[in-house]
Colleague: 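Got a structure here, written out as structure tokens. Questions coming.
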Amino acid sequence: MIRKPPSSAVLRLLDANGNRAREGLRVLEDYARFVLDSTPLSESLKSLRHDLAAAIGPVAAQAIVHRDVEHDVGRLLKTPREATRKSVADVVIAAGKRLPEALRALEEYLKTFDSHAATRVEALRYRFYEIEQQVSRTLRPASRFDHVRLYVLITQSACSGDWFAAATQAIAGGADCLQLREKDLCGAELLKRATRLVKLCRQQGVLSIINDRADICLLSGADGVHLGQDDLPAIAARKLLGDEKIIGVSTHHMEQARQAVLDGADYIGAGPVFKSATKPRDISPGIGYLQQVADEISLPGVAIAGITAENVGDVLATGIRRIAVTAAVVGCEDVQGAARRLKKILGRKRPQSHG
């Protein structure tokens, strides 16, 4: 329903907020496209941008005539915070907040003369709220996991001796993170072991991760949980564990890796790299998959399966600097020595290319 034509002041306001909304959408779309390499998220934002143009197109064509940059009293009003962005996350968050504000302003002032256009903009605003939630999951804070290089999985059946002794010796050899991986224990015994391992890790200043069980992670006070493709989804685990816990996700191909980023994981397990007696698998993405992860995924990647001191050089050549091992450390008679050898290799600088 068209009512009284808008004033020049209202048209200037609509012009400014239309520009603000389109600019915010472009910033977010480029983040999805070039930083996340996410086709679905890029398509959602592009579609929203085009639908916005269609919703306000007739008004925008009229409003641009009334644009008056020279006499805009707000043009030079800047806060110190607006002049700097500390990170890509800051850029994305700022755009994400600016966009719905602009859409709301468009919606409210359009109501004064074009209720149909206002309704269309309102629908776009609600669509963006859902997209904003998806984007926000990818903006994880700096993770305590970033320093991890040697990640050791603790499974009693794979240990040459007692599991707790193996954990203690792995830490002494330089392990940065231990994962308790016991698939067949009852809940009570798993919690008992997890609580004991968490206490050890906390005393020694290393990270503790629980395989599969977000509930055990929460109850034991572990630093995080590692999830497989058939486990609780990372999005659901985050709701349970909160923002501070580390969430890792096993991935076997790039679609899963990209999804882990969108789901808010803190790191991904990438593999299997080599054949492993600890966990035989039918799939074998190998070194090629590691190279893809190193080239395309912004999250820390952890190479897993069949890695030893003899083949770890092939892993490092891809650019992946983190490995997860079981038998290569806890399966050895000298657990501490095996961990120390791997940690030493991981600490070497990557060879510089002279080509």
Side-chain angles (χ1 to χ4, degrees), residues 140-228 231-232 234 236-250 265-267 269 278-279 300 302 304 322-343 346-347:
R140 296 290 300 138
S143 175
R144 292 172 293 155
F145 192 85
D146 287 351
H147 76 283
V148 171
R149 294 296 177 269
L150 180 58
Y151 183 142
V152 178
L153 280 62
I154 305 297
T155 303
Q156 177 61 77
S157 61
C159 294
S160 61
D162 174 69
W163 73 271
F164 190 77
T168 303
Q169 292 163 21
I171 292 173
D176 305 299
C177 178
L178 298 186
Q179 180 191 129
L180 182 62
R181 184 181 183 277
E182 295 289 0
K183 297 283 191 179
D184 300 321
L185 289 181
C186 68
E189 179 61 25
L190 182 59
L191 177 59
K192 182 179 177 181
R193 289 197 190 185
T195 302
R196 193 179 178 196
L197 183 69
V198 168
K199 182 179 179 180
L200 171 68
C201 289
R202 192 166 293 151
Q203 289 172 342
Q204 299 299 320
V206 303
L207 294 176
S208 55
I209 303 291
I210 307 301
N211 183 262
D212 293 354
R213 298 287 297 272
D215 56 339
I216 298 295
C217 168
L218 193 62
L219 292 169
S220 67
D223 293 297
V225 67
H226 185 86
L227 304 168
D231 296 327
L232 187 70
R238 181 65 69 198
K239 291 179 181 178
L240 178 65
L241 297 175
D243 200 51
E244 295 300 316
K245 296 294 186 183
I246 297 167
I247 294 180
V249 177
S250 291
D266 293 290
Y267 74 89
T278 304
K279 186 179 178 181
V302 182
I304 190 165
R322 301 169 179 86
I323 62 168
V325 295
T326 306
V329 170
V330 300
C332 300
E333 291 296 324
D334 181 9
V335 173
Q336 182 175 338
R340 185 179 293 115
R341 284 191 294 275
L342 281 170
K343 188 64 177 289
L346 292 169

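Each residue takes its place number in the sequence, starting with 1.
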Colleague: Under 3.5 Å, is there a donor-acceptor pair between the side chain of Asp266 and the main chain of Ile247?
Modeller: yes

Colleague: Is Ile209 close to Leu153 at the side-chain level, that is, under 4.5 Å between some pair of heavy atoms?
Modeller: no

Colleague: Are Tyr151 and His226 close enough that some pair of their side-chain heavy atoms sits under 4.5 Å apart?
Modeller: yes

Colleague: Check residues 212-222 and write down every donor-acceptor pair under 3.5 Å in which the side-chain atom is one partner and the other belongs to a residue at least two apart or another chain.
Modeller:
residue, atom, partner, partner atom, Å
Asp212, OD1, Lys183, NZ, 3.3
Asp212, OD2, Lys183, NZ, 2.5
Arg213, NE, Asp215, OD1, 2.9
Arg213, NH2, Asp215, OD2, 2.9
Ser220, OG, Ile216, O, 2.7
Ser220, OG, Cys217, O, 3.4
Ser220, OG, Ala222, N, 3.4

Colleague: Provide the closest heavy-atom pair for Ala166 versus Val335 in the form atom of the first, atom of the second, distance.
Modeller: O-CG1, 3.6 Å

Colleague: Without swapping roles, check the side chain of Glu182 against the backbone of Leu190 for a donor-acceptor pair under 3.5 Å.
Modeller: no

Colleague: With rounding to the nearest 0.5 angstrom, report the CG to CZ distance, Leu180 to Arg193.
Modeller: 7.5 Å

Colleague: Within a strict 4.5 Å, meaning less than it, do heavy atoms of the Val330 and Ile154 side chains meet?
Modeller: yes

Colleague: Taking all atoms of both residues into account, what is the closest heavy-atom pair of Arg140 and Ala265, and its distance?
Modeller: CG-O, 3.8 Å

Colleague: Taking only residues two or more places apart in sequence or in another chain, which ones pass side-chain contact (heavy atoms from CB on, under 4.5 Å) with Arg341?
Modeller: Ala338

Colleague: Please collect all salt bridge (Lys or Arg N to Asp or Glu O under 4.0 Å) contacts where either partner lies in residues 142-164, sequence neighbours excluded, each pair once.
Modeller: Arg144-Asp223

Colleague: Just wondering, do Ile323 and Ile304 contact through their side chains at under 4.5 Å, heavy atoms?
Modeller: no

Colleague: Using the test side-chain contact (heavy atoms from CB on, under 4.5 Å), find all partners of Arg202 that sit at least two apart in sequence or belong to another chain.
Modeller: Val198

Colleague: For Asp243, I'd like to know if atom CG has over 12 heavy atoms of other residues, nucleotides or ligands within 6.0 Å.
Modeller: yes

Colleague: Considering residues, nucleotides and ligands other than Gln203, do more than 12 of their heavy atoms fall under 6.0 Å from its CD?
Modeller: yes

Colleague: Do Leu207 and His147 come close enough that some side-chain heavy atom pair is under 4.5 Å?
Modeller: yes

Colleague: When rounded to the nearest 0.5 angstrom, what distance separates CG in Leu197 from OG1 in Thr168?
Modeller: 8.5 Å

Colleague: Please, which pairs that meet salt bridge (Lys or Arg N to Asp or Glu O under 4.0 Å) have at least one residue in residues 165-176, sequence neighbours excluded?
Modeller: Asp176-Lys343

Colleague: I'd like to check Ser208 versus Leu178 (side-chain heavy atoms, cut-off strictly below 4.5 Å). Are they in contact?
Modeller: no

Colleague: How far apart are the closest heavy atoms of Val329 and Ala170, and which atoms are they?
Modeller: CG1-CB, 4.2 Å

Colleague: Check for a donor-acceptor pair, side chain of Gln156 on one end and backbone N or O of Trp163 on the other, with a separation under 3.5 Å.
Modeller: yes

Colleague: Tell me, with the steps shown, if Val325 and Leu150 meet side chain to side chain contact (heavy atoms under 4.5 Å, CB included).
Modeller: CA-CA 8 Å; Val325 295; Leu150 180 58; 4.0 Å; yes

Colleague: Taking all non-hydrogen atoms of both residues into account, name the closest pair between Leu227 and Val225 and its distance.
Modeller: CD2-CG2, 3.9 Å

Colleague: Please name all residues satisfying side-chain hydrogen bond (donor to acceptor under 3.5 Å, both in side chains) with Gln169, sequence neighbours left out, ordered by chain then number.
Modeller: none

Colleague: When you measure from the centre of the six-membered ring of Tyr267, is the NZ or CZ of Arg322 under 6.0 Å away and within 45° of the axis?
Modeller: no

Colleague: Taking atom CG of Asp334 and atom CZ of Arg340, what is their separation to the nearest 0.5 Å?
Modeller: 7.5 Å

